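Heads up, the thing below is written out as C-alpha cells.
Chain A is the first sequence line, chain B the second, and so forth, proteins listed ahead of strands; every chain is numbered from 1. This structure is a prediction, so every number in the text was calculated from the model and none was measured.
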Protein chains: 2
Amino acid sequence: MHDALLQHIEKFISLEPSEIDTLESCLQLSKVKKKEHVLQEGQTCNTLYFIVKGCMRQYIINSKGTEQTLQFGIENWWITDYLSYHNHTPSHFYIQAVENCEVIAIEKPTLESIFIEIPKLERYFRVVSQKSFGAAQMRIKFLFTMSAEERYHHINNLFPEFVQRVPQYMLASYLDFSAEFMSKIRAGKV
Amino acid sequence: MHDALLQHIEKFISLEPSEIDTLESCLQLSKVKKKEHVLQEGQTCNTLYFIVKGCMRQYIINSKGTEQTLQFGIENWWITDYLSYHNHTPSHFYIQAVENCEVIAIEKPTLESIFIEIPKLERYFRVVSQKSFGAAQMRIKFLFTMSAEERYHHINNLFPEFVQRVPQYMLASYLDFSAEFMSKIRAGKV
DNA sequence: CGAGTTTCTTGAAGTAGTTCAAGTTTTAAA
DNA sequence: TTTAAAACTTGAACTACTTCAAGAAACTCG
C-alpha cells in the first residue's frame, strides 16, 4: 500500500481504479535510516523521493566545512535535485534522512514508463513543482526581508512542532544564521 | 507568429502541425512598456507570462520602502507568481517590465482549455517548472555560501551582458546587498 | 546503567555589510 | 539642447551578525 502518495496525487487529479493498480505495481516503500544519505554531492541524481514518514533534508558543506541545510522535506513532500535529475549533471547537494524515514523512491526510467501509462500524472507533477517553485520564491522573500530574529519567530509561529522536531543547528543554517546566534535568540539575549 | 514559444516548447516535447495551429489560435503577443506592471502586490495572479523579448522582474517593497528584486526573467523565461496563481491568494510580489517587452500572456482559463486539447503540454510545463525549482535551489545555495563580492563576480563571470543590461541597484538587491556596496565592489574599494 | 557522541549555551572580540547624506554622472523626454 | 529624473559614487559612522573557545546538557546504544 502507498496510501500516502495516492492520497496526495488524488488531491490534484483523479485516478481510475486501473490506474491505481498500475501505480501500486510500480511503487515500493523503502526505509532510510537516520543520517543515511540518498544523494551525495558529485553524484548524478536519478531518483525522486516521496516522504511517507519522517524528515529529510538537502544540504551542502560550505567552504568552512560547515553543513548548511537548504531544504527540509517532511510527510507528503517530494525531495530531489531536479537540476541534476534533468540535466544529468553532478549534484551540488547532499540529501539525508534527519529521522528514520519511509520513502517511495522512484527512479527516472520507472517514472518515465509511468508517464507513458498514465499521462495525466504529468499534471500532478506539474502542479506540485509549480507550487514548490512558488514556495521557494517566498522563502527567498523571507530571507531578504526579515532579520535573523524575525525569521526564527516567523517559522516558530507557523510551524512550532517542526521547530521542535529538527536539531537547532540544522534549523539555524536553514534560516541562514549561526547555531550560536540561534541559541542567543532563544535565550532572549539579543 | 509565436515562434519563440513554439521553439521553446519543442525543446521538450514534439508537437503535431495541428497542435501548433491550435496553440497559435490561442496565443497572442502583447507589449509591456518599461516600468509597467503586470502584477501588483495584493492582486491575485491569474496569468503566466512568457517573455519573447525584453526583461522583466519580480520584486517586493521591504519594510524600509526599498525595492528588492527577487527574480529576473529574460527571453524564453516564464514569469509569474505560481503560489498566487494556484491558491487564488493575493500575491506578495510586483512583476514589472525592466525594458520594453514582448510577452505572451496566458490566462488561467485559456491555459486550462489548452491543456484539455493538448495534454502533452502538461509535460512541457512540468519539466520547465522542475528546472526552475532546481535553479531556485542553486540560487539559495549561492546566497548562503558566497560573500557579496563573490556573488557579484560570480554573476559577472557567468552573465556579463546581463550585468550590463539591468540597472545596478536592481542587480544589487537581487544579489542581496545594497546598491552602495555594489558600487564599492565595482570600484575595488572593498 | 554508563561512556561516548551529539547538541546546545555563553561571552568576548571581530567584521562584512548597512545606512545616511551629499554630490556626480547619465539618461530621457519635451 | 535643456531640464528633470534616474542611476551611480563616496566616506564616515554604525550594527547585526559571525567566529572562537570552552563548558554544560541531553541523548543513544552497547
Ignoring backbone atoms, establish whether B/Gln168 has a side-chain N or O less than 4.0 Å from OP1 or OP2 of D/dT9.
yes

Tell me if the aromatic rings of B/Phe177 and B/Tyr152 count as close, with their centers under 6.0 Å from one another.
no

What about B/Phe125 and B/Trp78, are their ring centers closer than 6.0 Å?
yes

Look at all strands and tell whether B/Lys184 reaches a base, only sugar-phosphate, or nothing, counting heavy atoms closer than 4.0 Å.
base

Just to be sure I understand the rule, does B/Phe181 reach a base, reach only the sugar-phosphate, or reach nothing, if contact means heavy atoms closer than 4.0 Å?
base

Quick one: on DNA chain D, does A/Glu180 or B/Ala179 contact a more 5' nucleotide (nearest heavy atom)?
B/Ala179

[X] side-chain proximity, nearest of [options]:
X        : options               : result
B/Ser183 : C/dT10, D/dC17, D/dC8 : D/dC8
B/Phe177 : D/dT9, C/dG17, C/dT19 : C/dG17
A/Ser178 : D/dT18, C/dT9, C/dT10 : D/dT18
A/Lys35  : D/dA6, C/dT7, D/dT19  : C/dT7

Length of the line joining [X]:[atom1] and [N]:[atom2], which is rounded to integer Å:
X        : N      : atom1 : atom2 : answer
B/Glu150 : C/dA16 : CD    : P     : 11 Å
A/Met146 : D/dC17 : CE    : P     : 13 Å
B/Leu143 : D/dC17 : CG    : P     : 16 Å
A/Tyr169 : C/dC8  : OH    : P     : 8 Å
A/Phe144 : C/dG17 : CZ    : P     : 13 Å
A/Asn62  : D/dT18 : CG    : P     : 12 Å
B/Leu171 : D/dA7  : CG    : P     : 14 Å
A/Glu99  : C/dT7  : CD    : P     : 13 Å

Heavy atoms, side chains only, cut-off 4.5 Å: are B/Ile106 and B/Phe50 in contact?
no

For the CZ atom on A/Phe162, are there more than 12 heavy atoms of other groups (residues, nucleotides or ligands in this structure) within a distance under 6.0 Å?
yes

Those residues that, when tested against B/Arg126, pass side chain to side chain donor-acceptor pair (under 3.5 Å) (two or more places apart)
A/Glu122, B/Gln130

Checking ring pair (Phe, Tyr, Trp, His ring centres under 6.0 Å) between B/Tyr174 and each of B/Phe142, B/Phe72, B/Tyr59, which is the one that passes?
B/Phe72

A/Tyr94 to A/Ile60 - nearest heavy-atom pair and separation:
CD1-CA, 4.4 Å

At a cut-off of 3.5 Å, list every protein nitrogen or oxygen paired with a nitrogen or oxygen from nucleotides 24-30 of chain D, distance to 0.1 Å.
from: D/dT28; atom 1: OP1; to: A/Lys34; atom 2: NZ; distance (Å): 3.4

